Amino acid sequence: MTAIDNVSLAQRVYTVEQVQQGEEAAAEACSISMMQLMSAAGTAVFKQLQNDLKAPAKIAVCCGEGNNGGDGYIIARLAREAGYQVDVFALSPDKTLSSKTDNNAERARLAWRENGGQEKVVHDCVPQNYDLIVDALFGVGLNRALEGAAAELVQNLNDASAKVLAVDVPSGLNADTGSVPGVAVHAYKTVCLVAYKRGLLTGKAKNHVGQLVLEDLGIGEVFAKQNNAGYTRMAAEHVRNWLPLRRPCEHKGDNGHALIVGGQPGMSGAVVLAMKAALRCGAGKVSVACHPEVQPVVAAAQPEAMVRAVNSQKDLQALMEQASVIALGPGLGQSEWSHKMFEWVTNYCQQSDKTLVIDADGLNILSSQQSKMKCGKHVILTPHPGEAARLLNTDANKVESDRFAALSALRDTYEAQTLLKGAGSLVTNDNGQFILDVGSPAMASGGMGDLLTGLISGLVAQGMTEADAAVAAGVWHARAGELAGNEGERGTLASDLLPYIRQLVNGKIT
């Protein structure tokens with residue numbers, strides 16, 4: 001049931017360095033020269049272009065000086081031969097070339113010129129004059145902000161809402177981190193070459209890559225055998241059967257007991273959402289330990305849950321002993337009551353090794369402690385970038401500038417299973433590291449994190465390991481957001497996801 005068994009090439013995700021250093025060895029093992037590999041790259045991208053736009057459409061190909069630019073010259077030549085109207089815009093249009101060069105990008109450029117082509121200066125590119133623009137300016141090696149003519153061109157493309165097809169990576173996007181230090185191309189499609197680079201699947205990348213298509217150029221399988229993927233890409237189809245079918249004789253006691261701790265005055269909605277998610281994903285029993293003032297409100301929200309007013313350690317102790325898993329944080333607040341609940345729950349779970357999910361104000365209280373609590377494998381942390389920043393004593397912008405580094409730092413500091421939320425959520429756990437390639441901007445509304453907390457808790461209650469529950473819940477939660485968002489991204493509420501969560505955990509939809 002674990003996420004790393006027999007993963008396909010399409011699930012393997014690599015760093016830029018791995019691809020840059022490994023593609024030549026993979027090509028050599030396949031008896032393919034690097035020039036042939038560049039030709040295969042240009043051909044693969046051109047076929048994607050043909051699928052989207054028929055000749056004699058007008059195409060602009062914007063080429064840089066590196067291998068990405070070489071791919072662009074091959075695309076331009078193939079497009080011209082196929083009857084498209086093609087203009088090439090280069091960062092250095094007057095460059096002198098020699099037929100004796102051993103530079104593959106220059107060879108591709110020379111072949112374009114020998115076929116009657118020429119280049120124009122990028123300043124002359126008027127996006128509105130073309131049906132499609134190919135972005136072959138910079139490849140995956142770029143890790144700085146675009147400058148000068150390149151930055152100006154990209155800004156013009158974006159301002160014109162041009163239809164841009166990106167080669168391997170949209171220029172200006174860091175393919176290793178998913179950050180955008182300056183301006184970056186907004187592509188409608190990105191053709192990723194050889195293998196997925198991790199920065200294309202998380203962070204700001206979601207604003208720039210558009211549809212992401214993988215073309216392995218005939219060396220992908222060999223590359224995967226020669227290089228261990230640092231991350232595994234997960235989508236709804238990969239977790240569909242992670243919950244087994246129920247036996248006819250099962251009863252509620254066979255499906256665990258989730259306890260949700262939170263809900264101080266003025267914050268009852270958060271604990272209600274977590275409670276409903278735990279119930280809808282199949283937990284046999286769900287209890288809530290909340291502040292006495294909100295107990296009537298929470299109890300009225302869902303008659304199937306057991307809601308207790310808690311103001312003493314003795315009352316909470318009895319509830320914790322009955323539970324299979326405890327979720328701490330939804331609507332917890334940061335009052336004196338909140339801090340007492342946090343202390344009682346964390347002390348109990350450390351002594352009992354009972355699974356603990358910490359979110360929201362539970363994370364904020366955790367971050368305020370002078371000595372960092374070593375949580376261990378039975379604790380699942382689910383921070384968004386702001387909460388992650390507080391846990392790491394940094395700022396959210398730094399977290400977002402390198403989500404992978406932030407995730408590693410969280411793991412090193414707290415030694416917990418961790419899900420870093422956001423576009424392209426990241427998970428590190430006992431099974432490995434994962435990118436959740438699913439989600440929707442419809443989820444940009446309050447209460448979504450509370451729903452996830454309840455979902456994780458409900459899955460652990462039913463017997464999933466903490467590691468599997470973090471991945472499965474993250475995927476199902478994000479996929480439910482996509483499905484709810486199909487009815488309109490604006491105005492989607494966290495509670496709108498509940499019917500889809502029920503269908504997803506039952507394998508009715510993917």
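Note that the structure is predicted; figures quoted are calculated from it, not measured.
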Using a distance-only test with no angle check, is there a side-chain donor-acceptor pair under 3.5 angstrom linking Q417 and T428? no

Do you see a donor-acceptor pair shorter than 3.5 Å between the side chains of D52 and Q48? no

If you measure from the Lys or Arg side-chain nitrogens to the Asp or Glu carboxylate oxygens, is any gap between E65 and K95 under 4.0 Å? yes

Examine Y196 together with Y231 and report whether their ring centres are nearer than 6.0 Å. no

Is R411 salt-bridged to D430, cutoff N-O under 4.0 Å? yes

Under 3.5 Å, is there a donor-acceptor pair between the S171 and D135 side chains? yes

Are a donor atom and an acceptor atom from the side chains of N364 and D361 found within less than 3.5 Å of each other? yes

For the residue pair Y130 / D87, report whether a side-chain donor-acceptor contact shorter than 3.5 Å exists. yes

Would R80 and W112 count as a cation-pi pair here, with the cationic atom under 6.0 angstrom from the ring centre and within 45° of the axis? yes

Closer than 4.0 angstrom, basic N to acidic O: yes or no for K120 and D94? no

Side-chain donor or acceptor of K225 paired with backbone N/O of E221 under 3.5 Å: no

When you check the gap from the basic side-chain N to the acidic O, do K206 and D437 get nearer than 4.0 Å? yes

Side-chain ion pair, D176 and K197, N-O less than 4.0 Å: no

Closer than 4.0 angstrom, basic N to acidic O: yes or no for R109 and E119? yes

Could you tell me whether the side chains of D468 and N431 share a donor-acceptor contact shorter than 3.5 Å? yes

Contacts of type side chain to side chain contact (heavy atoms under 4.5 Å, CB included), residue A235, not counting sequence neighbours: E237, H238

Sequence-distant partners of Y500, ring pair (Phe, Tyr, Trp, His ring centres under 6.0 Å), two or more places apart: none

Using every non-hydrogen atom in the two residues, find where F434 and N429 come nearest and quote the distance to one decimal. CE1-OD1, 3.4 Å

Measure across A388 and L420 and return the closest heavy-atom pair with its distance rounded to 0.1 Å. CB-CD1, 3.8 Å

Using 30° and 60° as the class boundaries, would you call the ring planes of Y84 and F46 parallel, tilted or perpendicular? perpendicular

Scanning both residues in full, the closest heavy-atom pair of L37 with I32 reads N-CG2, 3.8 Å

